[in-house]
Protein chains: 2
Amino acid sequence: MTEQKENKTLSVQALRRLPDYLHYLKGQNPKKDQYISASTLANALRLNEVQVRKDLAAVSPTSGKPRAGFEVTQLIQGIEDHLGYHSVDEAVLVGAGKLGQALLSYEGFRNAGLNIVAAFDSNPEMHHTSLDGKYVFPMDKLVNLCQRMKIHIGVITVPTTHAQEVCDLLIEGGILAIWNFAPVNLKVPSHVYVRNENMAASLAMISQHLKQQYQKDSMEVSSS
Amino acid sequence: MTEQKENKTLSVQALRRLPDYLHYLKGQNPKKDQYISASTLANALRLNEVQVRKDLAAVSPTSGKPRAGFEVTQLIQGIEDHLGYHSVDEAVLVGAGKLGQALLSYEGFRNAGLNIVAAFDSNPEMHHTSLDGKYVFPMDKLVNLCQRMKIHIGVITVPTTHAQEVCDLLIEGGILAIWNFAPVNLKVPSHVYVRNENMAASLAMISQHLKQQYQKDSMEVSSS
DNA sequence: GCATAATCGATATAGTATTATCGATTATGC
DNA sequence: GCATAATCGATAATACTATATCGATTATGC
């Protein structure tokens, strides 16, 4: 058995970088480049070299070889371990609107360790239809199905107004982690983890950046 | 003219919290609660009180009153200023698949200062159809339309394989900021800002949390 | 083989972000 | 009016993250 790796040295920020590393590594030819150096990775992803080295040291099962780098296959293995890609978790999705459908049909999640096994929606017209192989059930089946299947992850893609009530149902069904796409601060008991996908925050960063850009530009113009 | 507020004290993390503050404040009754305290907000959003106070101090045009708090309307004004919601930026979206459609039909962006004016897709069947009032154009119209309309934001919701080429087109069209939903590290010139919507990273956090949870649980069981 | 240069790991430093503390201010209720 | 308690702003302490530096290690090419 692969011994349980200590994850303590891995910061939240580092965890966010792992998918990027993984993506890059998977794009490599394992025959041609058996090893990869932290420097190379850092350069490709525009990160600091030391930072990358530290991250890799934390996830790699074997340590890096001077002059060569880290073994690519080992790295991939290590990163996927840390990301939990090897233990596929089952999830349910609530809200089969456009966003919900987009997520349901996104095959990439499967590789990333998330398997959405069923969807729920309050709209009767959608019931028992199949979206990309996943059936849409009425809301009143939710709690029971989650409990019976021991599902631990719930994805919320319903309108803001219904997010909290859906959240409550999921918790009743025994969900332990919620991936929330509605812009609300969900109230949950302490044992439940909520990950907010905050589109508005992302937007804010973009618009903030553009604003600063404009400001800088206008300053340059006026001072020249 | 409202004088240009100095944004320097506002950290990236703080910026991420602003949409949450805003959402909460908008949910308040301005007649009933003219003032709101940092403590109240902190409690509602489960944040540290001092942190909230610092954030509010940075965005509020007027300082808070002891014992009362900050004026709600002023705060909303201040936050929206900082988020750039008062200068609605126009954007184009490339890739009218499920995710693209979800974003097109998400009305919330309008309030958040983003107005998607047009969509592009390589699939001829979609051309000139209208999704939620936005027309889908063929790819070869992209550069010209962006330039003519002076669009500065591009949203990429195409498959990974085409993301970079779409990105290049957008830049050719004069785009300054890119909101990228494809899991690729886009190569862009230094004046272009890229905001990656990293679903995989979010997933990682969830699975990481669940893993720790399981570990903790099993430890508790085995030690009892 | 041996010098060279690339890379590593470890440790130190710098930079950010969060949380704690404290005196000053002011609404509230007696 | 005056004591009280809630809140503020400022500053200090802590924790977290990123970057720089340096000696140790090892592939590469002569």
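Just so we're on the same page: letters track the sequence lines, and every chain starts at 1.
For the pair B/L10 CG and C/dT16 C1', the interatomic distance rounds to 13 Å; values are reported in whole Å. A/R16 has its CZ atom 13 Å from the C1' atom of D/dT17, to the nearest Å. Rounded to a whole Å, the CZ atom of A/F70 is 13 Å from the C1' atom of D/dT25. In this structure, CG of B/D55 is placed 12 Å from P of D/dG9, rounded to the nearest angstrom. Regarding A/L47, its CG atom lies at a distance of 16 Å from the C1' atom of D/dA20, rounded to whole Å. Remark: P of D/dC8 and CD of B/E71 are 14 Å apart, rounded to the nearest angstrom. Summarising the geometry, the separation between OH on B/Y35 and P on C/dT26 is reported as 12 Å, rounded to the nearest angstrom. Protein atom CD of B/E49 is 11 Å distant from nucleotide atom P of D/dA6, rounded to whole Å.
Heavy-atom nearest nucleotides on DNA chain D were determined for A/N48 and for B/K65, and the one closer to the 5' end corresponds to B/K65. Position along DNA chain D of the nearest nucleotide to A/K54 versus B/I36 favours B/I36 as the more 5'-ward residue.
Base pairing of D/dT19 is made with C/dA12, judged by Watson-Crick or G-U wobble geometry with both donor-acceptor distances under 3.5 Å. With a 3.5 Å ceiling on both atom-pair distances, the Watson-Crick or G-U wobble partner of D/dA6 is C/dT25. When Watson-Crick and G-U wobble pairs are counted only if both distances are under 3.5 Å, D/dC30 pairs with C/dG1. Base pairing of D/dT11 is made with C/dA20, judged by Watson-Crick or G-U wobble geometry with both donor-acceptor distances under 3.5 Å.
Between A/R67 and the phosphate of D/dT25, there is no side-chain N or O to OP1/OP2 separation shorter than 4.0 Å. Regarding contacts with the backbone of C/dT16, every side-chain N or O of B/S11 stays at 4.0 angstrom or more from both OP1 and OP2. Checking the phosphate oxygens (OP1, OP2) of C/dA17, no side-chain nitrogen or oxygen of B/Q13 falls inside 4.0 Å.
Picking from C/dA20, C/dC8, C/dG9 the nucleotide with the shortest atom distance to the side chain of A/A57 gives C/dG9. The nucleotide whose nearest atom lies closest to any side-chain atom of B/Q51 is, among D/dT25, C/dT19, C/dG9, C/dT19. Taking every side-chain heavy atom of B/V12 into account, C/dA17 is the closest of C/dA17, C/dT7, D/dC8.
For B/H209, the NE2 atom is densely surrounded, since the number of other residues' heavy atoms within 6.0 Å is greater than 12.
Residues A/Y85 and A/N111 approach most closely at CD2-O, 3.5 Å, considering heavy atoms.
Note on ring orientation: taking the six-membered ring where Trp is involved, the planes of A/W179 and A/F181 are tilted (angle from 30° to 60°).
A/D55 is listed as a side-chain neighbour of A/Y21, based on a closest heavy-atom distance under 4.5 Å. Using a 4.5 Å cut-off on side-chain heavy atoms (C-beta onward), A/T40 and A/D33 make no contact.
For A/T62 and A/E71, the side-chain atoms include no donor-acceptor pair closer than 3.5 Å.
Residue-level contact check: A/R17 touches the backbone only, with heavy atoms under 4.0 Å from sugar-phosphate atoms and none from bases.
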